[in-house]
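Remember, predicted model here, so these are calculated numbers, not experimental data.
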Amino acid sequence: MDVKPTLRVLSEADCPGRRGVVDGQTYQRLVGWPEIQPTDRVRIGRATYKPGTVEKLHWHPIEACYYVIAGRATVRNLNGESFEVGPGSMIYAPAGIAGAHEWEVKEHLELLDIRATNETDRKMQFTVDRDTKRSYIDL
């Protein structure tokens with residue numbers, strides 16, 4: 001039987017960073033992006049945030065998991081409950097408004113962003129008004 005290997009090893013240098021969704025955020029597409037390394041079912045990125053960066057309350061139409069590599073931040077849920085996160089913390093945000101979250105970065109934050117889909121059009125996020133629970137998206 002002839003099997004063609006599909007294993008691929010990438011370097012961080014192969015994945016240039018770009019501005020993220022808010023000022024103060026840089027995002028590197030690592031695995032699961034068509035221009036880097038296509039995959040069947042997963043997408044991984046690396047996000048870095050400058051201290052003081054705030055990413056407003058928002059939700060995604062797909063579940064998201066974040067693993068904090070370095071730094072500290074406060075993460076808040078839909079009801080405003082706060083969670084202090086740092087290296088080794090994992091944040092799981094289910095799809096939909098119930099998984100809404102916001103970030104307030106205390107010190108340089110670096111995290112892995114893991115999604116269980118490679119459909120980049122589903123990466124969108126909806127900003128939420130905490131009082132009315134109305135969602136909107138900036139196009």
Side-chain angles (χ1 to χ4, degrees):
M1 175 181 2
D2 187 26
V3 178
K4 182 179 177 185
T6 57
L7 177 75
R8 183 163 176 205
V9 176
L10 301 169
S11 167
E12 185 177 350
D14 298 329
C15 309
R18 56 183 71 179
R19 183 188 183 277
V21 296
V22 295
D23 288 332
Q25 181 195 43
T26 301
Y27 195 84
Q28 278 181 291
R29 295 176 167 191
L30 299 177
V31 173
W33 302 88
E35 74 277 15
I36 304 293
Q37 173 59 50
T39 62
D40 291 335
R41 292 182 285 284
V42 69
R43 190 179 69 231
I44 301 172
R46 178 176 167 259
T48 56
Y49 296 81
K50 293 179 181 177
T53 301
V54 174
E55 190 169 349
K56 293 180 182 179
L57 186 66
H58 65 281
W59 61 273
H60 305 276
I62 56 173
E63 62 191 336
C65 182
Y66 307 98
Y67 177 79
V68 179
I69 299 167
R72 303 218 173 269
T74 301
V75 179
R76 291 184 192 85
N77 66 16
L78 183 63
N79 292 333
E81 185 179 4
S82 295
F83 305 89
E84 299 302 316
V85 299
S89 296
M90 292 172 274
I91 301 97
Y92 174 69
I97 195 166
H101 53 285
E102 67 184 2
W103 301 87
E104 182 180 340
V105 179
K106 304 296 186 185
E107 61 185 55
H108 177 83
L109 184 67
E110 181 179 342
L111 52 84
L112 284 179
D113 169 24
I114 304 159
R115 308 296 171 103
T117 182
N118 59 6
E119 298 175 40
T120 56
D121 60 335
R122 295 184 67 195
K123 186 182 186 304
M124 69 181 106
Q125 65 185 46
F126 296 84
T127 304
V128 179
D129 179 289
R130 187 180 307 282
D131 295 327
T132 66
K133 306 294 190 266
R134 291 188 62 156
S135 301
Y136 63 92
I137 188 167
D138 292 323
L139 298 176

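Between Leu30 and Leu10 the shortest side-chain heavy-atom distance does not fall below 4.5 Å. Side-chain atoms of Lys133 and Leu78, non-hydrogen and from C-beta on, do get closer than 4.5 Å to each other. Side-chain contact between Arg72 and Pro87 is present, with at least one heavy-atom pair separated by less than 4.5 Å. Two residues are said to be in side-chain contact when any heavy atoms from C-beta on lie closer than 4.5 Å; Val22 and His58 fail this criterion.
For Tyr27 against Ala47, the heavy-atom pair with the smallest separation is CD1-CB, 3.9 Å. Here the closest heavy-atom approach between residue Ser135 and residue Phe126 is recorded as CB-CB, 4.1 Å.
Within a 6.0 Å sphere centred on NZ of Lys50, other residues, nucleotides and ligands contribute 12 heavy atoms or fewer. Other residues, nucleotides and ligands contribute over 12 non-hydrogen atoms within 6.0 Å of the CZ atom of Arg130.
Other members of the hydrophobic cluster containing Val3, listed by chain and number, are Met1; membership follows side-chain contacts under 4.5 Å among ILVMFWY residues, whether direct or relayed.
For Glu55, there are no salt bridge (charged side-chain N to carboxylate O under 4.0 Å, His left out) partners, not counting sequence neighbours. Qualifying side-chain contact (heavy atoms from CB on, under 4.5 Å) partners for Thr26, counting only residues two or more places apart in sequence or in other chains: Thr48. The side chain to side chain donor-acceptor pair (under 3.5 Å) search around Arg18 returns none, not counting sequence neighbours. Taking Glu104 as the reference, Val54, Thr74, Arg76, Lys106 meet the side-chain contact (heavy atoms from CB on, under 4.5 Å) condition, with sequence neighbours excluded. Residues that satisfy the salt bridge (charged side-chain N to carboxylate O under 4.0 Å, His left out) test with Glu110, not counting sequence neighbours, are Arg46. With sequence neighbours excluded, the residues that form a side-chain contact (heavy atoms from CB on, under 4.5 Å) with Val105 are Tyr49, Thr53, Leu109. Listed by chain and number, the residues in a side chain to side chain donor-acceptor pair (under 3.5 Å) with Tyr92 are Glu63 (sequence neighbours excluded). Applying the salt bridge (charged side-chain N to carboxylate O under 4.0 Å, His left out) test to Arg19 and every residue at least two apart in sequence or in another chain returns Asp23. Annotation: side chain to side chain donor-acceptor pair (under 3.5 Å) contacts of Asp14 (sequence neighbours excluded): none. Partners of Tyr66 according to the ring-ring contact (aromatic ring centres under 6.0 Å, His included) rule, which considers only residues two or more places apart in sequence or in another chain, are His101, Trp103. Considering only residues two or more places apart in sequence or on other chains, Thr132 meets the side chain to side chain donor-acceptor pair (under 3.5 Å) condition with Asp129.
To the nearest 0.5 angstrom, Leu112 atom CG is 7.0 Å from Ile44 atom CD1. From Ile97, atom CD1 reaches atom CG of Leu57 across 7.5 Å, with rounding to the nearest 0.5 Å.
Side-chain atoms of Gln25 come within 3.5 Å of backbone N or O of Val21 as a donor-acceptor pair.
Val42 and Ile69 fall within the same hydrophobic cluster, where Ile, Leu, Val, Met, Phe, Trp and Tyr residues are linked whenever their side-chain heavy atoms come under 4.5 Å apart, directly or through other members.
Look at Asp113 and Arg115 and you find a salt bridge, because one of the NZ, NE, NH1 or NH2 atoms lies within 4.0 Å of a carboxylate O, short of that distance.
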